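A short write-up of the structure that comes next.
Here the structure is a predicted model, which is why all the values come from computation and not from measurement. Order of appearance sets the numbers: ligands from 1, and atoms from 1 within every ligand. Atoms considered below: every heavy atom in the structure, side chains included; atoms not considered: hydrogens, waters and symmetry mates.
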Amino acid sequence: MKIVMLGAPGAGKGTQAKMIAAKYQVPHISSGDIFRANIKNGTELGKKAKEYMDQGLLVPDDLTVDLVIDRLSWEDCKNGYILDGFPRTIPQAKTLDAALEKIGERLDFALDVDVPDENIVTRMSGRRACVGCGATYHIVYNPSKKGDICEVCGDQLILRDDDKPETVQKRLSVYHEQTQPLIDYYADQGILKSVDGTRDMNDVFAAIAAILEA
Ligand code: AP5
Ligand code: MG
């Protein structure tokens, strides 16, 4: 099961990817989480990536593509994976397709979690993310039972630096320009499935499970 998650920033890609990973026992690979882990650990990559992320811009391909594609060769990916946040541009998607073709593989699904821009800014300002494990909460829709502390690993929950309203607007325009074209790209390949991401997160997941099990 090789899945790519598509959708605007804050559409719920990470939320759904984690639910899919838990149910179907495949790893959840988030390029954003990989960058945030590097930022937290103070690596050179983290320092470079943060300059772009804090402005709502995409991190350049030379810092992104090999990093994610190498991750797919790990042993835990042998039965599939869920890619969240990658690919994000047509060139990234083409590079991924070429890398898979080389080893005789291809993607099974591109799942688009569809949420209009109007809903996004409210969602993002309420999001809290764990600095330790990347778990995601929402102060209204999905609060941690431990307040500001992560239920999974006990680390601190924070508002992401790029979740300020003005940065969210920039991320949305970058999404429409550079990432939304992937919807047609995967539709042309016949693997695009769309779900209404405005519903309750469990209902969104039920719709996804129905697609994966059809
Ligand atoms: P990334 O981390 O991928 O961020 P993003 O795409 O902007 O998406 P988010 O993580 O913000 O949203 P999400 O869709 O995962 O939503 P979530 O489930 O958290 O990337 C960050 C940055 O890294 C980029 O801007 C870029 O700079 C860089 N980067 C990453 N990958 C790159 C690449 N391939 N190339 C270049 N640069 C790259 O949900 C959002 C909130 O809503 C949460 O609080 C959640 O609890 C809540 N929620 C979720 N579902 C529902 C629901 N159904 N109802 C109500 N609330 C909900
Ligand atoms: Mg995410």
Side-chain angles (χ1 to χ4, degrees), residues 4-21 28-39 45-46 48-69 71 82-93 95-96 111-117 119-130 133-144 150-151 157-165 167-180 182 195-208:
V4 163
M5 302 299 296
L6 298 176
K13 301 180 296 295
T15 301
Q16 295 302 325
K18 288 184 185 87
M19 293 165 92
I20 300 168
H28 165 213
I29 299 170
S30 157
S31 42
D33 285 353
I34 296 173
F35 289 135
R36 283 184 287 278
N38 276 276
I39 292 172
L45 170 66
K48 286 185 194 154
K50 186 170 166 47
E51 285 175 32
Y52 298 92
M53 291 169 73
D54 284 354
Q55 296 179 65
L57 301 172
L58 295 185
V59 177
D61 279 359
D62 60 329
L63 299 177
T64 306
V65 174
D66 293 346
L67 179 81
V68 181
I69 289 180
R71 174 66 185 85
I82 305 145
L83 274 171
D84 161 17
F86 183 93
R88 236 183 169 85
T89 61
I90 297 280
Q92 288 185 5
T95 310
L96 174 63
L111 290 178
D112 177 38
V113 183
D114 187 23
V115 176
D117 288 8
N119 303 33
I120 296 286
V121 181
T122 8
R123 270 200 195 180
M124 305 296 250
S125 56
R127 171 163 60 184
R128 295 296 177 270
C130 175
C133 70
T136 305
Y137 302 87
H138 191 283
I139 52 175
V140 177
Y141 306 121
N142 181 27
S144 166
C150 179
E151 287 173 20
L157 302 182
I158 54 147
L159 178 68
R160 268 169 46 178
D161 285 340
D162 58 349
D163 279 350
K164 287 178 287 191
T167 315
V168 171
Q169 290 297 353
K170 182 67 196 170
R171 287 163 63 198
L172 275 172
S173 67
V174 168
Y175 166 77
H176 289 302
E177 254 167 54
Q178 303 198 49
T179 307
Q180 207 171 18
L182 291 177
V195 291
D196 174 0
T198 62
R199 291 177 294 164
D200 177 89
M201 47 191 89
N202 293 311
D203 295 339
V204 179
F205 183 62
I208 290 176

Which residue supplies the protein heavy atom nearest to [atom], what is that atom called, and how far is it?
atom: atom 8 (O) of ligand 1; answer: K13 NZ, 3.1 Å
atom: atom 34 (N) of ligand 1; answer: G85 O, 2.9 Å
atom: atom 45 (C) of ligand 1; answer: T15 OG1, 3.8 Å
atom: atom 50 (N) of ligand 1; answer: R123 NH1, 3.7 Å
atom: atom 19 (O) of ligand 1; answer: R127 NH1, 2.6 Å

Any nitrogen or oxygen of [X] lying under 3.5 Å from a nitrogen or oxygen in ligand 1? Just yes or no.
X: R88; answer: yes
X: Q92; answer: yes
X: M124; answer: no
X: Y137; answer: yes
X: A11; answer: yes
X: R199; answer: yes
X: D84; answer: no
X: R128; answer: no
X: D200; answer: no
X: G12; answer: yes

Which ligand 1 atoms does [X] reach within 4.0 Å, using its non-hydrogen atoms?
X: R36; answer: 2 (O), 21 (C)
X: S31; answer: 30 (C), 31 (N), 32 (C), 34 (N)
X: R171; answer: 4 (O), 5 (P), 7 (O), 8 (O), 9 (P), 11 (O)
X: T64; answer: 33 (C), 34 (N), 35 (N)
X: F86; answer: 34 (N)
X: M53; answer: 22 (C), 23 (O), 27 (O), 28 (C)
X: L57; answer: 26 (C), 27 (O)
X: G14; answer: 13 (P), 15 (O), 18 (O)

If we set the cut-off at 4.0 Å for heavy atoms, which region of [X] has an atom near ligand 1: side chain, backbone, both, or neither?
X: A8; answer: backbone
X: V59; answer: both
X: T198; answer: neither
X: L58; answer: both

- G197 heavy atom under 4.0 Å from ligand 1: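 True for this residue.
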
Does any N or O in the side chain of [X] come within less than 3.5 Å of the main-chain N or O of [Y], such that one atom is a donor and the other an acceptor?
X: K13; Y: D84; answer: no
X: R71; Y: I29; answer: no
X: Q169; Y: K164; answer: no

- Message: If only side-chain N and O atoms count, and only distance matters, is there a donor-acceptor pair under 3.5 Å linking H28 with D33?
- Response: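 H28 and D33 do not have a side-chain donor-acceptor pair below 3.5 Å.
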
- Run the side-chain contact (heavy atoms from CB on, under 4.5 Å) check on F86 and V4 step by step: do they pass? CA-CA 7 Å; F86 183 93; V4 163; over 6 Å; no

- Using heavy-atom distances, let me know which of H138, M201, E51 sits nearest atom 48 (N) of ligand 1.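 Selected option, by shortest heavy-atom distance: M201.
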
- Item | Options V68, I39, T136, ranked by nearest heavy atom to atom 43 (C) of ligand 1, top entry |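 When every heavy atom of V68, I39, T136 is considered, T136 comes closest to atom 43 (C) of ligand 1.
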
- Message: Name the residue from N119, D203, V204 that meets the side chain to side chain contact (heavy atoms under 4.5 Å, CB included) definition with T198.
- Response: N119

- Message: Here's a test for you: under side chain to side chain contact (heavy atoms under 4.5 Å, CB included), which of T95, L83, L96 qualifies with V68?
- Response: L83

- Query: For V65 and I69, what are the C-alpha separation, side-chain angles and deciding distance, and is it a side-chain contact (heavy atoms from CB on, under 4.5 Å)?
  - Reply: CA-CA 6 Å; V65 174; I69 289 180; 3.8 Å; yes

- Note on the structure: Closest heavy-atom pair, Q16 versus M5, reported as atoms and distance to 0.1 Å, is CB-CE, 3.9 Å

- Got a salt bridge between R128 and D163, using NZ or NE/NH1/NH2 to carboxylate O under 4.0 Å? no

